[in-house]
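We use all heavy atoms of the structure for the numbers below, so side chains are in, but hydrogens, waters and symmetry mates are not. First the proteins, then the strands, lettered A, B, ... as listed; each starts at 1.
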Amino acid sequence: MNRYELERDLDEWFDAIEPRRDFDHVLADVFAVTRRERQRPAPFARLAVGQWTSIPLVALHRGPSLALVMLALLLALLGIALAAGALRLPPPPLRDGAIAIERWAVPPGEWSPGGLAAAPRAVALLRADGTTSVVTPPDREEGCAIFSPDGSQLALLSAPRRVSDRSRARYVLAVAEARAGGTKATLAPGFRVPEWITPPSWAPDGTALVAVLQGADEPNARAGDLLIVPVDGTPPRTIVASTHVPPGTPPVPGLYDLQGAAWSPDGAWIAFRGEQWDGEGWSYLVAVVRPDGSGLQLLDTWRESSGEWGGVAWSPDSQWIAYHRRPDGNDGGGMDLYAARADGSAVRQLTATTANEWVAEWSPDGSRIAAVGLRGATGAAVHVIAFPSGAVTTIPLAAGVVGATWSATGDRLVVIDEQGQVWRVAPDGAQQPARVSTAAEPLCWGLAPALSWEEVTP
Amino acid sequence: MERRAPSTTRSFNSGPQRHAQQEGSMSRELVEEAQQGDREAFETLATRVVRRLYTAANAILREPDLADDAVQRTLIDVWRNLRALRDPDAFDAWAHRILVHRCYSAARDRRRHAEVRNIDLDPAVASHERRVETLDAIERAFRRLTPDQRAVLVLHHRLGFNDAEAGAILGIPEGTVKSRLNRAHTSLRASIDADARDVVAVKGQTA
């Protein structure tokens, strides 16, 4: 049973158990109680500012013990505030450039009545001086930003901001000047982004992107083709087509759910993930293809999976592709890290842990792979995996880690946790992670913000 | 230096919104009136939300009587604590948070039932024997899930809350919602596949 079939059956089952009755007796019992009872008063926290002065009076009215508790509480809060002020040290600045993140365009406390469903997302840059600048103009919402190889541009997915219904937004691939901000050019205007979004990937020379896009009339929300999209505005071309079947119809043999395309550093190959229906069952795959669409080769396939999505990471010498998957026979276990030779000659399982290792990025010298740990058996952590030995160094953090990237020298990692805080991490685990962001950013995606490191600031 | 695509997929359009913003949506004015002690407003509110709450409770508990009880307790809690709700626009999520906690309590308190009952299907839905078998398999698999796995599936798949909203209701980070959802899917699939293997084995023995 594949994901589509499971979700379809689940929907049908929910329909089948949908209550077909009235709830008069339920409500009658409730109202019989509530008509006898008054509501509880609002807690103190809801008092308006001007009403805070009444708290001591309320406390005294309730009795001396409550007044003493309130007094002790106030003194404790005062002490904590003083201690925090005296001990607070300025966080070290980010000296290595900027990080592109995806955050709420409007803080959660200021959302419109449409609530979270209508809350727009925006791309912002966390800069070396600790400041944040928002790239996305006010009339759009954007995400999945990736720096160009020279750090001057950002490729991102962009849509008009719709306050009423974000699910109907039609995202397009766009390129923006990283420094000036604002969308400068829309690429592939006749296409849009499938529901399962993966960030685009730049060609090493910065002249094109590879992305999974779909035609505007494609009825299947998840179907998308692998396209090469030139930055000069010339039309995109398909290099791998996914199998298009209308939602709810039986699959036919072919490739589905293409995602996570990544251009090799030498520019010769593009690696991607996907699913395959062979007529009897589903399998998941990592494959490579030439940028001209030739040479398609499956490097690894496996059947044990659920929610198998994500990306792949090329080694700096373009010889290996790291990716995460579940080992066969371990459907309920953790996600482990694998590496496949780009020529298809070898596949290595690098880790076999109970934690989840999600591939993030290869170190500049190719000797290590950073993998982010969500909340697996070993908790929130960044894992550094030696290649090819597979030795794992786990560096725990307080909150789930959603993305990691290496410094150019490979002597440290910059990590973002799910609370939007940025940390500097020693890959050997010799030092405690140091927080380098001045404040948590309201990240809107808890799993992996778009993360790049602009290597242009000294 | 080369930048490669980060390793993760995002869905801007995550989660069906088909129910969340429609039948369960409560007008701000109505909530505010109920917060002021207006019983009529509360009763209107309760009447509007009761089916949606029951849908969630019934799916999580799979016992109609327990679901009724959880919904009743939830609505009484809502009435008693409505003034503590700071943001009237968050009423729907807040009410579901209370409901989920009530369901967890009910699941803890009840004795575990070893038997698995066949699902009562609407004839119009269950018009085909194979579909009935499939839905029975889903039912059996769903009953094997833990209450928190059931809750995340119901909130996400049935009620259309997206990951952040479901996280707020369940009191867990958005990333944990994803992993819990993933695990629930995995468990469902594993149970269904195991059942299918058992059926094949039994048929093989009886053939």
> Assess whether atom CZ of B:Arg180 is packed by more than 12 heavy atoms of other residues, nucleotides or ligands within 6.0 Å.
yes

> Under 4.5 Å from any heavy atom of chain B, what part of A:Leu27 do you find: side chain, backbone, both or neither?
side chain

> Give, for atom CZ of A:Phe14 and atom NE2 of B:His157, the distance between the pair rounded to the nearest 0.5 Å.
7.0 Å

> In terms of side-chain geometry, is the basic nitrogen of A:Asp15 or B:Arg158 positioned less than 4.0 Å from the acidic oxygen of its partner?
yes

> Check whether B:Val154 gets within reach of chain A through its side chain, its backbone, both or neither, counting any heavy atom under 4.5 Å.
both

> Measure the spacing between CD of B:Gln72 and CG of A:Asp29 and express it to the nearest 0.5 Å.
4.5 Å

> How many angstroms lie between CZ in B:Phe142 and CH2 in A:Trp13, if you round to the nearest 0.5 Å?
4.0 Å

> Please state whether the side chain, the backbone, both or neither of B:Thr47 comes within less than 4.5 Å of a heavy atom of chain A.
both

> For a quick test of reading the model, state the closest non-hydrogen atom pair linking A:Ile17 to B:Asn58 and the distance between them.
O-ND2, 3.3 Å

> Strictly distance-based, threshold 3.5 Å: is any side-chain N or O of B:Asp68 a donor or acceptor partner for the main-chain N or O of A:Val26?
no

